[in-house]
*Asks:* 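Here it is, the structure in full.
As a basis for the values below, the full set of heavy atoms in this structure was taken, side chains included, without hydrogen atoms, waters or symmetry mates. A note on names: the letters A, B, ... follow the listed sequences, proteins ahead of strands, and every chain is numbered from 1.
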Amino acid sequence: MMSPFDYAMPEIFLLAAVCVVLLLDIFLTRDLREVTYLAAQASLLATAGVVYTHAFTGNERLVGLGRHYVIDELGGVLKISILLLTMVVFVYARKFLRDQSMWRGEFFVLSLTAVLGMMIMISGYNLLVLYLGLELLALSMYALVAMRRDDGRATEAAMKYFVLGAIASGLLLYGLSMLYGLTGELSIRQIHEYLLGVPDSGANLPLLFTLVFLVAAVAFKFGAMPFHMWLPDVYHGAPTIVTLFLGSVPKIAAFALLMRLLAEGMAPLASGWSQLFLVLGLLSVAGGNLVAIAQTSFKRMLAYSTIAHMGFILLGAMTATHAGYSAAMFYVLVYALTAAGAFGVLVVMGREGFEADSLDDLKGLNERNPWLAFIMLLLLFSMAGIPPTVGFYAKLAVIKAVVDANLVWAAVIMVVMSVAGAYYYLRAIKMMYFDKPEPAPGSGGISVNAETGLDCQIVISLNGVLMLVLGVFPGLLMGVCSMALQASSL
Amino acid sequence: MSFEQVLFYLFSAVLLAAAAGMVTVRNPVFAALLLILCFFTSAALWILLQAEFLGIVLVLVYVGAVMVLFLFVIMMIDINQAELREGFVRYLPVGLFVAVAVAMEMILVLQSAGFGRSDRYQGVQHLPGYSNTEALGELLYSDYLYPLEIAAVILLVAIVTAIVLTLRRRPDARSQNVSQQVRVERSERVRLVRMVAEKRQERKTS
C-alpha cells in the first residue's frame, strides 16, 4: 500500500534537488560554478532513475493523492525523455553561457523548475494540477527568455511571450472553469465519466463552447498556426540556449497536456475537438512551411518549421485513434530530439561574444568543420523527412494514421506542404556544402570554435547518429510509444 | 426584487463601471484607485454569496498589500502618457469590433443553449454557526494539499525570477572597499616633492 505522498515521489525528489542546487549556488564563487552545473545534471539523472523505478512496475495505472496524480507508463516515458533531453540542453548550456558571459547558476535553477512544472503536468490528473504545472513551466520560461536583460530584443521577446502567454492562460482558465461549472468535477476521470453520461454530447452547445477555449489554449502552447504569433519573435529574441530549451523539451509537455485533458478527459467529445485540430493542423503545416521559406535568420526559419511540425503532431492526435496517438507521440519525441540537435549546432558554432544566428553563418560550414556539417545535414534531412533518417518515418506514421481516418485530402495537403518545406532545409544544406564562407565585416571571419569541449562534441555526434539509427530501426521507439499508450488504454 | 437582489445589482453595476473606468481614464493613479473600487465591490459580491473569508482576503491582500505597492510604483516611475496612448485611437475600432463580436457570439451561444437553473446551481444556505474559513482551510490542507504545494513552488520561482531580473552588479556603481582603505600606505596619500626654495611672492593688491 502506498502512502499518499509516495505517488508524487519523482516530483518531490526533484523539488528537493532544486532547493539544494539553489542554496548551493549562493555559497559558490564564480570559479566553482561548475559544481552547480554538475549538481543540476546529477539531480536530473537521479530523478530519471526515480521515475524509472516508480512508473515501470508492471502494475495497472494508479490514480492517487486525492485523485490529483496518475502513475502510468505514458507518464514514465514522457518524463524520462524530458529529463534526458534537459541533460543534453545543459551540456550545450555550459558552453554557451560561458561564451556569452551569462555563466550564472540561476539558469540551471530556472530550467529545473521548468522541468518540475512539466513533470507535474505530465502526471496531473486534475484540472487544477494541470493548470498549476503549466504556470510553473511558463513562469520559469518567461524568466529564462528575459535573463539577458540588457539585450533589447530579448526583453521584447520576453514581454511578448509573457503577455500572450497570460492571455492563453486566461483562455485555458476560462475553459476549465466552464468545464467545472458544467460537470461539477475537477478530476479527469470524473469528467470523462460525466461526459459519457451526457446524451448526444457532440451537439451539446455549452460543452462545445468550453471545448473551443481549451483547444485554443492547447494550440497556443503548441504554437499552432492562428496562435503562433509569439513563436518566431521569442525564438529569435531569446538567447540561443533558451531557444534550444524552449523549442524542444516543452513540446513534450504540451503533448502530455493534450493527451490528459482532451484525449483522456474529453474523449466522448472527440468528434468536436478533432475537427478543430484538423483545421489548426492543416493551417500550421501549410503556413509554417510557406513562411519559413522567406526567412533569413536561421532561428526564425526553425521557428516557422516548428509551427509546421506542430501541425503534424496535432493532425496525428486529431484522428483520436491508437495509431494516431502513437504517431503523434513518436513525432513529438523525435521532433524534440531533432530540434535540440539543430539549435545545438548553432550553439557549437558560436564563440565568445558571437552568436550564430543568420542563415549566412552556415555558409561553407563543410570547409571549416566537416563533421559538424554532416551532423547538421542529418538533422535537416530528418526535419525535411528524407528516408534514411527518422523524420521520414515520423511523418509517414502520421500521414498513415490520417489516411486510415479517411481523410486522404488532408494527407495530400500534408505531403505537398512537406515537399515545399524540403526546399528551405535543402537550401541550408546547399549553403553548408557549396557556398564559400562569408567573413562577417569587422568580426575577423567566422571560424568554428576549435576548443569546443569534448562533452559538446560527443552529445552533438550522438544526436546526429541517433537520427540515422532511429531512422533505420524506428520500431524500437514506436514500440515504446505504442505500449505506453496501450497501458493507458488510449 | 428582494433586498439581496437590489444589493447584487448595485454592486455589480459599480463593479462594471469601475472596471470600464479603470481601462479608460487618463491618470494612472485614478486607474489604480478604480481598480481598488473593483476589488471592494467584488469582495462585497463574495460576501453576498456567503463566502466571507474570500471577501475579506480580497480586501486584505489585494487592496491592503498589492494595490498600495502598485500605487507606490506608479508614483515612483515616470510614465509618459502620450507615448502610452499613441496607438489607442488607431487600434480602438479594430479592438472594439473584435471585442463586441466575441462578446456577442459568446452571449448568443450561451443564451441559445441555456445553462438552465437546476439544483446544481442553487446557492447553498448555511446555518449561522457555519465557519467558511474553517471549511476552506480543512479542504485546502487535506484534499488539495498537492495543488497547494505546487502553488508554493510557483511563488518560490517568482521570488527567484524577481531576483534574477533585478539583482545585478552595475559597472558604474561606487562602493567602499574597507580592506583596501585600511591597507592604504603613506606613499599613496602624500607625495613629497623636492624643490628649490623660492621667495614668497608679493600679494597683489587689487
*Asks:* Which atoms of A:Leu22 come close to chain B, meaning under 4.5 Å heavy atom to heavy atom: side chain ones, backbone ones, both, or neither?
*Replies:*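 Contact with chain B involves the side chain of A:Leu22 alone.
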*Asks:* Which atoms of A:Phe107 come close to chain B, meaning under 4.5 Å heavy atom to heavy atom: side chain ones, backbone ones, both, or neither?
*Replies:*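 It is neither, since no heavy atom gets under 4.5 Å.
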*Asks:* Would you sort out whether B:Tyr144 and A:Leu186 count as a side-chain contact (heavy atoms from CB on, under 4.5 Å), showing the intermediate values?
*Replies:* CA-CA 11 Å; B:Tyr144 289 90; A:Leu186 282 173; 3.7 Å; yes
*Asks:* For atom OH of B:Tyr130, is the number of surrounding heavy atoms from other residues, nucleotides or ligands below 6.0 Å larger than 12?
*Replies:*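 Count over threshold, so yes.
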*Asks:* Identify which part of B:Ala158 has an atom lying under 4.5 Å from any heavy atom of chain A, answering side chain, backbone, both or neither.
*Replies:*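 Contact with chain A involves both backbone and side-chain atoms of B:Ala158.
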*Asks:* Measure the CZ-CG distance between A:Arg148 and B:Leu165 for me, rounded to the nearest 0.5 Å.
*Replies:*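 Reported value, rounded in 0.5 Å steps: 14.0 Å.
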*Asks:* Tell me, yes or no, whether the heavy-atom count around A:Phe13 atom CZ, taken from other residues, nucleotides or ligands under 6.0 Å, exceeds 12.
*Replies:*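 Counting other residues, nucleotides and ligands, CZ of A:Phe13 exceeds 12 neighbours.
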*Asks:* More than 12 non-hydrogen atoms from neighbouring residues, nucleotides or ligands closer than 6.0 Å to CD on B:Gln181, yes or no?
*Replies:*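 Enclosed: over 12 neighbouring heavy atoms sit under 6.0 Å from CD of B:Gln181.
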*Asks:* Determine whether B:Met106 and A:Tyr174 make a side-chain contact, defined as any pair of heavy atoms from C-beta on separated by less than 4.5 Å.
*Replies:*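 They are in side-chain contact.
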*Asks:* Using heavy-atom distances under 4.5 Å, tell me whether B:Val164 contacts chain A through its side chain, its backbone, both, or neither.
*Replies:*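 Contact with chain A involves both backbone and side-chain atoms of B:Val164.
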*Asks:* For A:Leu132 and B:Pro147, which heavy atoms make the closest approach, and how far apart are they?
*Replies:*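 Looking at all heavy atoms of both residues, the closest pair is CD1-O, 3.3 Å.
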*Asks:* Look at atom CD of B:Glu138 and say whether more than 12 heavy atoms of other residues, nucleotides or ligands are closer to it than 6.0 Å.
*Replies:*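 Check fails, neighbour count at 12 or below.
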*Asks:* Identify which part of A:Leu208 has an atom lying under 4.5 Å from any heavy atom of chain B, answering side chain, backbone, both or neither.
*Replies:*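 When you check distances to chain B, no heavy atom of A:Leu208 falls under 4.5 Å.
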*Asks:* Taking all atoms of both residues into account, what is the closest heavy-atom pair of A:Leu139 and B:Ile154, and its distance?
*Replies:*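 Smallest heavy-atom distance, with atoms named: CD2-O, 3.8 Å.
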*Asks:* For the interface with chain B, which of A:Met147, A:Arg104, A:Glu135 has the highest count of heavy-atom pairs at distances below 4.5 Å?
*Replies:*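 Ranked by heavy-atom pairs under 4.5 Å with chain B, first place is A:Arg104.
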*Asks:* Please classify the contact between A:Leu15 and chain B as side chain, backbone, both or neither, with a heavy-atom cut-off of under 4.5 Å.
*Replies:*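 Only the side chain of A:Leu15 comes within 4.5 Å of chain B.
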*Asks:* Taking all heavy atoms of A:Ala143 and all of B:Thr161, pick out the closest pair and write down the distance.
*Replies:*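 Heavy atoms of A:Ala143 and B:Thr161 come nearest at CB-CG2, 3.2 Å.
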*Asks:* With rounding to the nearest 0.5 angstrom, report the CD1 to OH distance, A:Ile120 to B:Tyr146.
*Replies:*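 One finds 5.0 Å between CD1 of A:Ile120 and OH of B:Tyr146.
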*Asks:* Measure A:Ala8 against the heavy atoms of chain B and call it side chain, backbone, both or neither at under 4.5 Å.
*Replies:*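 Contact with chain B: side chain only.
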*Asks:* Would the number of heavy atoms belonging to other residues, nucleotides or ligands and lying under 6.0 Å from CZ of A:Phe162 be above 12?
*Replies:*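 12 or below, so no.
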*Asks:* Which value, rounded to the nearest 0.5 Å, describes the distance between B:Ile150 atom CD1 and A:Tyr131 atom OH?
*Replies:*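 It is 12.5 Å, given to the nearest 0.5 Å.
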*Asks:* Are more than 12 heavy atoms from other residues, nucleotides or ligands located less than 6.0 Å from atom CE of A:Met159?
*Replies:*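 Open.
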*Asks:* Please look at A:Arg67 and chain B and tell me whether the side chain, the backbone, both or neither of the residue comes under 4.5 angstrom of a heavy atom of that chain.
*Replies:*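 When you check distances to chain B, no heavy atom of A:Arg67 falls under 4.5 Å.
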*Asks:* Provide the closest heavy-atom pair for A:His68 versus B:Asp143 in the form atom of the first, atom of the second, distance.
*Replies:*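 Taking A:His68 first and B:Asp143 second, the nearest heavy atoms are CE1-O, 2.8 Å.
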*Asks:* What part of B:Ile163 gets closer than 4.5 Å to chain A, counting heavy atoms only: side chain, backbone, both or neither?
*Replies:*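 The answer is neither part of B:Ile163.
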*Asks:* Is atom OH of B:Tyr62 surrounded by more than 12 heavy atoms (other residues, nucleotides or ligands) closer than 6.0 Å?
*Replies:*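 Counting other residues, nucleotides and ligands, OH of B:Tyr62 stays at 12 neighbours or fewer.
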*Asks:* What do you reckon, is CD of B:Gln5 surrounded by more than 12 foreign heavy atoms closer than 6.0 Å?
*Replies:*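 For B:Gln5, atom CD is crowded (more than 12 foreign heavy atoms under 6.0 Å).
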